[in-house]
Amino acid sequence: MANFITIDRIRRSRDGSSGDAANDLPLYMAAGEQKQKQKGGGEGGGEGGDSEGGQKMAEKGEDLKEEMDNLLDEIDTVLEENAEEFVKNYVQRGGE
Amino acid sequence: MQKRIYGIETEFGIIFTPEGRKTLPVEKAIRFLFEKLITTEHFLNVFLENGARFYQDTGCHPEYATPECISPSQLTIYDRAGERILEDLQIYAEEKIREERIPGKLSIFKNNTDFVGNSYGCHENYLVDRDVDFYYLAEQLIPFLVTRQIYTGAGKVFQTQDGIHYCVSQRAQHIYQKISGTTTNDRSIINTRDEPHADREKYRRLHVIVGDSNMSEYTNFIKVGTASVVLQMIEDNYINKDFTLRNPVKAIKDITYDATCKRKLRLDNGREYSPIEIQREYCEMAQKYIEQYPVTEDHKKAVHMWQHVLDCLDTDPNKLDRQIDWVIKRKLIQSWVDKHETTWDDPRVLMLDLQYHDIRRERSLFYLMERKGAVERLFTDEQVDAAKATPPPDTRAKMRGEFIKLARENSIQYDLDWSNIRLGNLLNVRVICNNPFETDTEKVAELVRTIQKTNLRKTSLSKLVIQS
């Protein structure tokens, strides 16, 4: 059942419904999306975020942006260098 | 059937990229993959100690068929174990190729399409009762299978004359029939291949070939888990609504081009439903069903997740950017495009799409995200590692896997298929197991002991058949 707790936690934290949940935010979330969630709340009782929670969320938003930037930087380090050529050469025979 | 056997066959894409002038045709590259797996079985077709089969398929694809599994959870773990087994073989093969002085990179992808529009598959297998009318079952399943891509699709960037499209599914473009007997031409949603690898009087095999190969454990689990619940509801005659689509083959293509998942489809009775609405109907029936009928924990878990993903798809699909492959990948590409201030036309976008599916973890974008905690996991690396070397404890695969281990340790010649074990230097001793739920490994151990005593390697026994 742990999985469902995770899902609910993520959903709650995205909806900005609780300040505490902000500590458990998923790493992979664009800061833009985060800000939008703070303004609008969301479905599932998202109206309850207090201003202190909002402050925390904003700080967390910055952290998340950093996480996201790090992830994208790492993607650039592993992404195939000759991308265009590689993709064009990627021809398989039909299978099955 | 409450107790069911599940299996997935995955065909992988493979390419060798030379770093110098010397190159290596794929026929040769694939041989290096198998080099580490030398047994007395046929070359390019072997069974593994975890009970799975690994072989070269039509079109020179490496193919991994999971062992017989008893639940969607177990199947998800064994499917991923196949990626790890193949990754080990790929690392070994790349090293061997280097020793042959052909510098380059061997890449293997768990996806379903190449650059020019060829497709290779991911086939789900479900053991079903022979009593159930196959065409009734298929007709009932088709609307479900056509619309489930909204939470099972692996996503695909398509270049067309009108520009770039992001499709929900890799496979949808390559389906031309509702039901058919072939898999290479006229690919269908359900294939009629009926090889139960079990007692034909009792069982048949349902061979679903419309699905995408999944990287995300969550997506893979929900794909098999929901199908399993729907199957059971059909077997119990629980489905009392008719969602027959007027044109299911057209619908499957329309859905894949509609990332909102809300465009209406026409049913045979003239009504119109969106893919989300059709899935909701099935899901609501399943919610009631699991309250009334005996079901497994996996079924309950799958139905709970099903409701969650449909709620998210209804409000904002981006909420599934940690769970569902097509959403995870779309979010990844969009963030990358934003960072580089470029557009989806950028040729590197196609590479991002492809590299998401690389099975070599240090190169794979999916696995990079997983390491960063950016995608949700249902299982652990320990569970997957264990499944590389040991068979599922509750199906016939246990007998096969343990036999292979014993035979290798004792240098006994053998040959296998799903329901037969042949051994001895003339392969004249045979164990038949037509019951996929059978786990009695004592029979196999006894046989090996007999062989050791009589030293079968020197004297050949008269033909001995053990039926289980």
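Letters A, B, ... mirror the listed sequences (proteins, then strands); counts begin at 1. Below, each value reflects all heavy atoms present in this structure, side chains not excepted, and no hydrogens, waters or symmetry copies.
Look at B/R363 and A/E74 and you find no salt bridge, because none of the NZ, NE, NH1 or NH2 atoms lies under 4.0 Å from a carboxylate O. A salt bridge between B/D353 and B/K329 is present, with a side-chain N of the basic residue lying under 4.0 Å from a carboxylate O of the acidic one. Ion pairing between a basic and an acidic side chain is recognised when a charged N comes within 4.0 Å of a carboxylate O; A/E85 and A/K88 show no such pairing.
Proximity to chain A is limited to the backbone of B/T113, based on heavy atoms less than 4.5 angstrom apart. Proximity to chain A is limited to the side chain of B/V26, based on heavy atoms less than 4.5 angstrom apart. Interface residue B/R348: backbone and side-chain heavy atoms are both found under 4.5 Å from chain A. Neither the backbone nor the side chain of B/H174 comes within contact range of chain A; no heavy atom of the residue lies under 4.5 Å from a heavy atom of that chain. With a threshold of 4.5 angstrom between heavy atoms, B/L354 approaches chain A through side-chain atoms but not through N, CA, C or O. Interface residue B/E362: only backbone heavy atoms are found under 4.5 Å from chain A.
When B/Q334, B/E63, B/H340 are compared by the number of non-hydrogen pairs under 4.5 Å with chain A, B/H340 comes out ahead. Contacts with chain B were tallied for A/D73, A/T77, A/N70; A/D73 has the most, counting heavy-atom pairs under 4.5 Å.
With sequence neighbours left out, B/R371 forms a salt bridge (Lys or Arg N to Asp or Glu O under 4.0 Å) with no residue at all. For the side-chain contact (heavy atoms from CB on, under 4.5 Å) test, residues two or more places apart in sequence or in another chain that qualify with B/S188 are B/Q177, B/S180, B/N191, B/I209.
The side-chain tip of B/K301 points at the ring of B/F221 from less than 6.0 angstrom away and within 45° of straight on.
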